[in-house]
Enquirer: 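Once you've had a glance at the structure underneath, I'll fire off some questions.
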Amino acid sequence: MRKIRLYNTLTCQIQDFTPLKEGKVSLYCCGPTVYNFAHIGNFRTYIFEDILVRTLRMAGYDVKHVMNITDIGHLSGDTDEGEDKMLKSAQERQSTVLQIAEFFTKKFFEDASSLNIIKPSLTCIATAHIQDMIAMIEKIEAAGFTYQTGGNVYFDTAKYAQYGQLRGYGIKEGAYHRVDVDQLKKNPEDFVLWFTKSKFEEQALHWQSPWGEGYPGWHLECSAMSHHYLGEQFDIHCGGVDHISVHHTNEIAQNYACYGSIGAQIWMHGEFLTLHKEKMSKSADNFLTVDRLVELGFDPLDYRYLCLGTHYRKPLSFHDEAITSARQARLKLMHRVHDLQKEIQDQSLQDLSHHPYWQAFVEKLSDDLGCPEALAVLWAVLKDPDLVSLEKLSLLHMMDDILGLGLLAACAGEHADELEEKWMNLICQREQARKAKDYVLSDRFRDELLENGIVIEDTPQGTLWKRK
């Protein structure tokens, strides 16, 4: 196994990764709350997690990647306040909560696929694990970490001396300013394990429990499901930086109270995508979806390229110039790969796992997923005059297995270098319209190309073109 170094939010250090079981990695990633479309800021986190999975597998590990689907009980405030997101969405769309969950779950995985995000080994749905959550509350209660008031079961954070260790202790500024503090709590940081009367009046889904008919708190589901599928201790837990101060902090407290351990060895978090210098947020109605990117003429993989150009622990600013630059860079890569494919014709790709360029590429990724540096190695391969075409294409193929940019499925056909960039862009826009099943837009692009003497042919390998 190759040595991997990862940044652990818990220790604030990059550390050598040693799995609990030799050769195997247990990984839990917080998945979507399926009340609306996932925005591209959400997908920045899933892209980082995808690179993590690909890098671990490249290093020789057998990765069990578990991701949850939240289809119940996520309130608009992470601190047990506000409206239920699932219920609100169902009411607005005049559908049931489960219909909303099914629709947006399907859409989430379609968008993830368009971004070349590998599907998790296992996805688990919150509503299928209610009994696991009830059993966990019973253990936490038996250990003396709970109290009941106003019909709810609360976790008593004062009973856990290490509470807040993930965020460096204390209340993170802003964590509780958005809502009025629940007067039923002994401490503002206490959180609900089971809701009954106080939040139950309009809840669409509810279950019988030892504490009354109700539903679980949001933080509980990840603890219950990660332990159900990965055990009391597992290797890595991932999510966005917004999970640090409340959600993952509360998971750790629950895990300790129930099992005497905090769950994961390593806690990893992806930074925000910002739009106009503000965090992208559904509640602020300033979010972009994958579909909207396609409508604007971009391939979802242009966005993936943009994400890979900034380290996952650094904020990434999204603006027109940035995504346009990413599209141009990825198109340039695609065209160059196509040229290399023509040059080598039917020659078989080589295994160059001992090549210095491959070793440099792996070294960058093995150091806390250094994607910007790994991309620089890829470009160096393309520009190196001492490498023959077969070597370049073989290395690019190996590198793209990790970066997931779809370089070997280039949409350009013969003589790509002779076609003006504006027509190449239009060909790629048409390809995305077809993927989105927007056949009216796709046909309009085809007609425009035909009017300019460019004939399009759709093949399993992508879109080919020729001049009339």
Side-chain angles (χ1 to χ4, degrees), residues 50-51 54-55 57-60 113-118 299-302 304-305 308 327-362 364-365 374-421 423-432 434-435 442 445-446 449-450 453-468:
D50 183 61
I51 293 293
R54 290 171 184 256
T55 299
R57 288 175 176 162
M58 172 196 69
S113 178
S114 74
L115 289 160
N116 268 356
I117 295 172
I118 299 171
D299 189 306
L301 295 182
D302 297 335
R304 185 179 177 104
Y305 186 98
L308 299 186
R327 177 180 64 182
Q328 291 172 344
R330 200 181 72 86
L331 280 173
K332 185 176 180 179
L333 282 175
M334 290 167 64
H335 297 165
R336 188 69 189 102
V337 166
H338 182 73
D339 290 343
L340 291 171
Q341 288 174 323
K342 288 191 299 180
E343 291 174 26
I344 71 165
Q345 296 182 352
D346 296 328
Q347 297 180 64
S348 299
L349 297 178
Q350 300 173 329
D351 179 0
L352 298 180
S353 54
H354 297 294
H355 196 284
Y357 271 124
W358 174 249
Q359 292 301 314
F361 178 83
V362 171
K364 301 304 183 185
L365 285 173
L375 268 178
V377 175
L378 182 147
W379 279 104
V381 168
L382 271 177
K383 296 174 181 178
D384 191 334
D386 295 328
L387 292 179
V388 299
S389 295
L390 182 58
E391 287 177 309
K392 289 184 178 182
L393 193 61
S394 298
L395 286 167
L396 290 172
H397 176 77
M398 295 168 64
M399 293 174 181
D400 198 42
D401 274 348
I402 313 303
L403 299 179
L405 293 170
L407 299 181
L408 299 187
C411 68
E414 285 190 31
H415 313 300
D417 55 329
E418 298 176 9
L419 196 62
E420 293 178 37
E421 184 177 339
W423 302 128
M424 288 306 308
N425 288 342
L426 195 61
I427 289 171
C428 289
Q429 289 178 46
R430 178 183 171 275
E431 180 76 2
Q432 291 311 306
R434 287 180 64 246
K435 288 180 181 178
S442 171
F445 288 151
R446 176 191 284 272
L449 289 162
L450 189 60
I454 302 166
V455 179
I456 296 301
E457 179 184 359
D458 297 318
T459 75
Q461 290 74 41
T463 302
L464 303 181
W465 67 271
K466 63 182 179 180
R467 295 190 185 276
K468 287 197 295 186

Enquirer: Can you name the closest pair of heavy atoms from Y357 and M399 and give their distance?
Expert: O-CE, 3.9 Å
Enquirer: Give, for atom CZ of R446 and atom CD1 of I427, the distance between the pair rounded to the nearest 0.5 Å.
Expert: 11.0 Å
Enquirer: Within a strict 4.5 Å, meaning less than it, do heavy atoms of the Q328 and L331 side chains meet?
Expert: no
Enquirer: What pair of heavy atoms forms the shortest contact from R330 to D302, and how long is it?
Expert: NE-OD1, 2.9 Å
Enquirer: Quick one: are H355 and L387 in side-chain contact, heavy atoms under 4.5 Å?
Expert: yes
Enquirer: After noting the C-alpha distance and the side-chain angles of V381 and M398, does the key distance pass the side-chain contact (heavy atoms from CB on, under 4.5 Å) rule?
Expert: CA-CA 12 Å; V381 168; M398 295 168 64; over 6 Å; no
Enquirer: With a 4.5 Å heavy-atom cut-off, do D299 and M334 have their side chains touching?
Expert: no
Enquirer: Among D400, L395, D401, find the residue that satisfies the side-chain contact (heavy atoms from CB on, under 4.5 Å) test when tested with H397.
Expert: D401
Enquirer: For the residue pair D50 and R304, establish whether any side-chain heavy-atom pair is separated by less than 4.5 Å.
Expert: yes
Enquirer: Heavy atoms, side chains only, cut-off 4.5 Å: are H338 and Q341 in contact?
Expert: yes
Enquirer: Hey, could you give me the CG/CD1 distance between L393 and I344, rounded to the nearest 0.5 Å?
Expert: 4.5 Å
Enquirer: Could you report the tightest heavy-atom contact between P300 and S114, atom names first, then the distance?
Expert: CB-O, 3.5 Å
Enquirer: Which atoms form the tightest heavy-atom contact between D386 and D384, and what is the distance?
Expert: N-OD1, 2.8 Å
Enquirer: Indicate the atoms forming the closest heavy-atom contact of R336 with L382, along with that distance.
Expert: CG-CD2, 3.2 Å
Enquirer: Given the rule in the side-chain contact (heavy atoms from CB on, under 4.5 Å) test, do N116 and R54 qualify, once you have shown the distances and angles that lead to the verdict?
Expert: CA-CA 11 Å; N116 268 356; R54 290 171 184 256; 4.2 Å; yes
Enquirer: Supply the atom-to-atom distance M58 CE to I51 CD1, rounded to the nearest 0.5 angstrom.
Expert: 10.0 Å
Enquirer: If you look at every heavy atom in L378 and L403, which pair is closest and at what distance?
Expert: CD1-CD1, 3.7 Å
Enquirer: When rounded to the nearest 0.5 angstrom, what is the spacing between CG in L405 and CG in L396?
Expert: 10.5 Å
